[in-house]
Asker: 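Please see the structure below; I have some questions.
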Amino acid sequence: MVSDLLEDEQADVDVLPPGVTLLHGQYMIESYLVRGGFGVTYLARDSLERQVVIKECFPATISCRVGDEVRPVTPEQSRQYSSILRHFLREARRLARLDHPNIVGVHQVFEENNTAYMALDYVEGDDLLTVSEETPDRLTPALIRRLLETALHSVHYIHAEGILHRDISPDNFLIEPNDTLTLIDFGAAREQAGRESRALSALLAVKDGYSPHEFYMADVSQFACSDLYSLGATFYHLITGEAPPHSQDRLAALAANSSDPYVPLMDKAAGYDRAFLATIDKSLAVLPKDRMQTAEEWLDALHSETAARAPEMTMVLGSDLRREISRLVEDTNKKMTPGKPGDSKQTRRSARAADKLRERARHVPRQPVDIFGNPIDDIEAWLQDQDGRVQARVNACLMEENTARAEEEAAAKNRRHGLFARSLTALRITRSTAV
C-alpha cells in the first residue's frame with residue numbers, strides 16, 4: 001500500500017525513476033525526495049557508493065518530461081525555460097564556491113537530459129519544519145537560541161559573498177542528531193541582477209508567511225534584511241508552531257492605517273528572554289528600514305542582550321556563592337569517615353599526620369582569614385574594602401592614562417605652535433628681504 005502511494009506520488013510529479021544513471025554512470029538515482037517550484041530533489045549514490053543528493057532543474061509550471069529529457073511545455077515557453085536553466089547553472093556554480101561548515105556543499109554541477117543538475121552533500125537529519133511538527137519538545141529555548149546564532153553566522157557568510165538566499169524557511173534548514181544545523185536549497189539565490197533575474201526569482205521562490213513583501217514584486221529592491229525577515233519568520237514558526245501572517249496582508253494593513261495582524265513574540269511566547277524575542281520581532285518589521293539590517297547587527301544584539309543579563313547573574317552569585325560553598329564543604333565533611341589505620345609504616349605515618357592536623361585544628365580560631373592569615377571579623381566590610389581597593393587601582397590607572405594623553409596632546413599642540421611660529425618668522429624674513 002505504501003509503495004503504491006509512493007509510486008503514485010512520483011508519477012504525479014513526473015520524476016526520474018530509481019535506477020536512472022547520470023553523468024555517464026557517476027550517479028544513480030535511488031529515490032525521489034521532494035520537489036519545489038524550481039526543481040526536483042533525489043537521493044542518489046555516486047560511483048564510490050557514497051550517498052549524495054541530486055537536485056534537477058525542473059520548473060514545473062513551464063516544463064514536462066519526455067523520456068528522461070526535460071522540455072518546455074510549449075514552444076512559446078522555450079525562452080523562459082532557457083533563462084531559468086541559465087539561472088540554475090549560475091547559482092549552482094556560485095554555491096559550489098561557498099565553503100562554510102553550516103552550508104550544504106556542492107560536489108558537481110553538470111548538464112544532461114536538456115537540463116542541469118547539482119550533486120550535493122547528503123546531510124543526515126530532519127528539516128526544522130518536520131522537527132517542529134513531529135518532535136517539538138526537542139526545540140528547547142536554549143537550542144533555539146543556539147540554532148539562531150548558527151543560522152545568522154551562515155547568512156552573514158553568504159551575504160558577505162554578495163548572495164541573497166531568498167528561500168529561507170524551516171524546511172530549508174536540516175538539523176542532524178547532534179543538533180548541527182545546515183542551510184540548504186540555494187535554488188532561488190541570486191546576486192545583484194537585472195530585471196529578468198528578479199522576475200524569475202519572484203516567480204520561483206515566494207513562500208507565504210516567510211517571504212517579505214518585496215519578494216513578491218520584480219521591480220522592488222531586495223536587501224540583506226529581506227533574508228533576515230525570512231529567518232525571523234522561520235524562528236517565529238519554531239517558537240509558536242505557526243508561520244507569521246502573510247507579509248502582503250501586513251503591508252495592506254499598514255497602507256490602510258489599520259492594525260498589524262502580526263502579534264509580537266514578546267506578547268505570546270513564554271519561557272524565552274524578552275530581549276531575545278525582541279530581536280526576532282524587529283527582524284519581522286514590515287518596512288525594510290525598520291528591520292535588523294545585517295546578520296552581524298542581529299548577532300551583536302543577541303550578544304548585548306546576553307551581556308546585559310551578566311550583572312544580574314553576578315549579583316546572585318556574589319550574594320549566595322560564599323554561603324553555598326560553605327554549605328557544600330560542611331556537608332562533604334559530615335559525610336567523610338576517618339579510615340582505620342593499618343599495619344604498614346605508610347598507614348601509620350598518615351595516621352600520625354592526621355592526628356597532628358586535628359590537634360592544630362583545635363587551636364585554630366573558627367574565623368575566616370585573608371591570604372596572609374589575618375583574621376576577618378566582618379566579611380561584608382572586608383569585601384567592600386577589597387572592592388574599594390580594586391576600584392582605586394582602576395581609577396589610578398585611568399588617571400595615569402588621562403595624564404599621559406593630556407601630555408601628548410599638549411606636546412602636539414606645542415609642536416604645531418612652534419611650526420606656525422617658524423613659518424611666520426620665515427615669512428617676515430622673506431618680506432623684509434624683498435623690500
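Note that the structure is a prediction, hence the values are computed from the model and not measured.
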Asker: I'd like to know whether D99 forms a side chain to side chain contact (heavy atoms under 4.5 Å, CB included) with Y157, so could you lay out the CA-CA distance, the side-chain angles of the two residues, the decisive distance to 0.1 Å, and finally the verdict.
Answerer: CA-CA 9 Å; D99 183 16; Y157 174 80; 4.1 Å; yes
Asker: Using 0.5 Å steps for rounding, measure from the OH atom of Y236 to the OH atom of Y229.
Answerer: 10.0 Å
Asker: Under 4.5 Å between any side-chain heavy atoms of L128 and D171, yes or no?
Answerer: no
Asker: Mark yes when over 12 heavy atoms from residues, nucleotides or ligands other than D267 sit less than 6.0 Å from its CG; otherwise mark no.
Answerer: yes
Asker: Can you measure from CD1 (I103) to CG (D121) and round to the nearest 0.5 angstrom?
Answerer: 11.5 Å
Asker: Can you list the steps and then say if E91 with R86 is a side chain to side chain contact (heavy atoms under 4.5 Å, CB included)?
Answerer: CA-CA 9 Å; E91 303 307 331; R86 287 195 304 272; over 6 Å; no
Asker: Just by distance, with hydrogens left out, do R79 and S82 show a side-chain donor and acceptor under 3.5 Å apart?
Answerer: no
Asker: What are the two closest heavy atoms between L174 and V123, and how far apart are they?
Answerer: CD1-CB, 3.6 Å
Asker: Ignoring hydrogens and geometry beyond distance, is a side-chain donor-acceptor pair present between T115 and N113 at under 3.5 Å?
Answerer: no
Asker: CZ of F173 to CG of D126: how many Å apart, nearest 0.5 Å?
Answerer: 15.5 Å
Asker: Tell me whether H156 contacts the main-chain N or O of T294 through its side chain, where contact means a donor paired with an acceptor under 3.5 Å.
Answerer: no
Asker: Looking at T182, T234, D167, which one forms a side-chain hydrogen bond (donor to acceptor under 3.5 Å, both in side chains) with N172?
Answerer: D167
Asker: Are I239 and L139 packed together at the side-chain level, in the sense that at least one heavy-atom pair is separated by less than 4.5 angstrom?
Answerer: no
Asker: I would like to know whether E214 and R291 meet salt bridge (Lys or Arg N to Asp or Glu O under 4.0 Å); could you show each step before the answer?
Answerer: CA-CA 13 Å; E214 60 265 28; R291 299 175 197 152; 2.7 Å; yes
Asker: Do the side-chain N and O atoms of Y42 and E30 include a donor-acceptor pair separated by under 3.5 angstrom?
Answerer: no
Asker: Scan side-chain atoms only and decide if T130 and E133 contain a donor-acceptor pair under the 3.5 Å cut-off.
Answerer: no
Asker: Just checking, any donor-acceptor pair under 3.5 angstrom between side chains of Y210 and H237?
Answerer: yes
Asker: Do the side-chain N and O atoms of N102 and H153 include a donor-acceptor pair separated by under 3.5 angstrom?
Answerer: no
Asker: Strictly by modelled atom types, are Y216 and D208 linked by a side-chain donor-acceptor pair under 3.5 Å?
Answerer: yes
Asker: List the atom of Y27, the atom of L23, and the distance in Å for their closest heavy-atom pair.
Answerer: CE1-CD2, 3.9 Å
Asker: Which is it for R250 and S247 under the side-chain hydrogen bond (donor to acceptor under 3.5 Å, both in side chains) test, yes or no, and what are the steps along the way?
Answerer: CA-CA 5 Å; R250 298 181 64 196; S247 62; over 6 Å; no
Asker: Find out whether the Lys NZ or Arg CZ of R50 is both under 6.0 angstrom from the six-membered ring centre of Y122 and within 45° of the ring's axis.
Answerer: no
Asker: Answer whether the closest heavy-atom distance between the side chains of S63 and P59 falls below 4.5 Å.
Answerer: yes
Asker: Between P245 and P261, which heavy-atom pair has the shortest distance, and what is it?
Answerer: CG-O, 3.6 Å
Asker: For the pair D281 (side chain) and L265 (backbone), establish whether a donor and an acceptor sit closer than 3.5 Å, ignoring hydrogens and angles.
Answerer: yes
Asker: Roughly how far apart are D137 CG and L143 CG, rounded to 0.5 Å?
Answerer: 12.0 Å
Asker: What's the spacing between K207 NZ and S230 OG if we round to 0.5 Å?
Answerer: 9.0 Å
Asker: Please evaluate residues R146 and E149 with respect to the criterion salt bridge (Lys or Arg N to Asp or Glu O under 4.0 Å), reporting the C-alpha separation (whole Å), side-chain torsions for both, the decisive distance (0.1 Å), and the verdict.
Answerer: CA-CA 5 Å; R146 191 160 70 249; E149 291 197 14; over 6 Å; no
Asker: Determine whether a donor-acceptor pair (N or O, by modelled atom type, separation under 3.5 Å) exists between the side chain of R35 and the backbone of F58.
Answerer: yes
Asker: For the residue pair I175 and T180, establish whether any side-chain heavy-atom pair is separated by less than 4.5 Å.
Answerer: no
Asker: What I want to find out is whether E56 reaches R65 closely enough, with some N-O distance under 4.0 Å, to be called a salt bridge.
Answerer: yes
Asker: Should we count CD of E242 as having more than 12 external heavy atoms under 6.0 Å?
Answerer: yes
Asker: Looking at side-chain heavy atoms only, is the closest gap between M28 and V20 below 4.5 Å?
Answerer: no
Asker: So, taking the atom named CD in Q77 and the one named CD1 in I84, what distance separates them when rounded to the nearest 0.5 Å?
Answerer: 9.0 Å
Asker: Of all heavy-atom pairs between L284 and Y262, which one has the smallest distance, and what is that distance?
Answerer: CD1-OH, 3.4 Å
Asker: So V40 and K55, side chain to side chain contact (heavy atoms under 4.5 Å, CB included) or not? Walk me through it.
Answerer: CA-CA 6 Å; V40 183; K55 184 162 185 180; over 6 Å; no
Asker: Please check this pair: side chain of Q293 against backbone of P288, looking for a donor-acceptor N/O pair closer than 3.5 Å.
Answerer: yes
Asker: May I ask you to test the L238-S132 pair for a side-chain heavy-atom distance under 4.5 Å?
Answerer: yes
Asker: What I want to check is whether the side chains of D227 and H165 have a donor and an acceptor closer together than 3.5 Å.
Answerer: no
Asker: Measure the shortest side-chain to side-chain distance between L43 and Y32 over non-hydrogen atoms and say whether it is less than 4.5 angstrom.
Answerer: no
Asker: Passes side chain to side chain contact (heavy atoms under 4.5 Å, CB included), I54 versus L120? Steps please.
Answerer: CA-CA 6 Å; I54 298 290; L120 305 155; over 6 Å; no
Asker: Any idea which heavy atoms bring L302 and R145 closest together, and the distance?
Answerer: O-NH2, 3.1 Å
Asker: Check whether any side-chain heavy atom of M118 sits under 4.5 Å from a side-chain heavy atom of F88, and report yes or no.
Answerer: yes
Asker: M266 and R274: which non-hydrogen atoms are nearest, and at how many Å?
Answerer: O-NH1, 3.1 Å
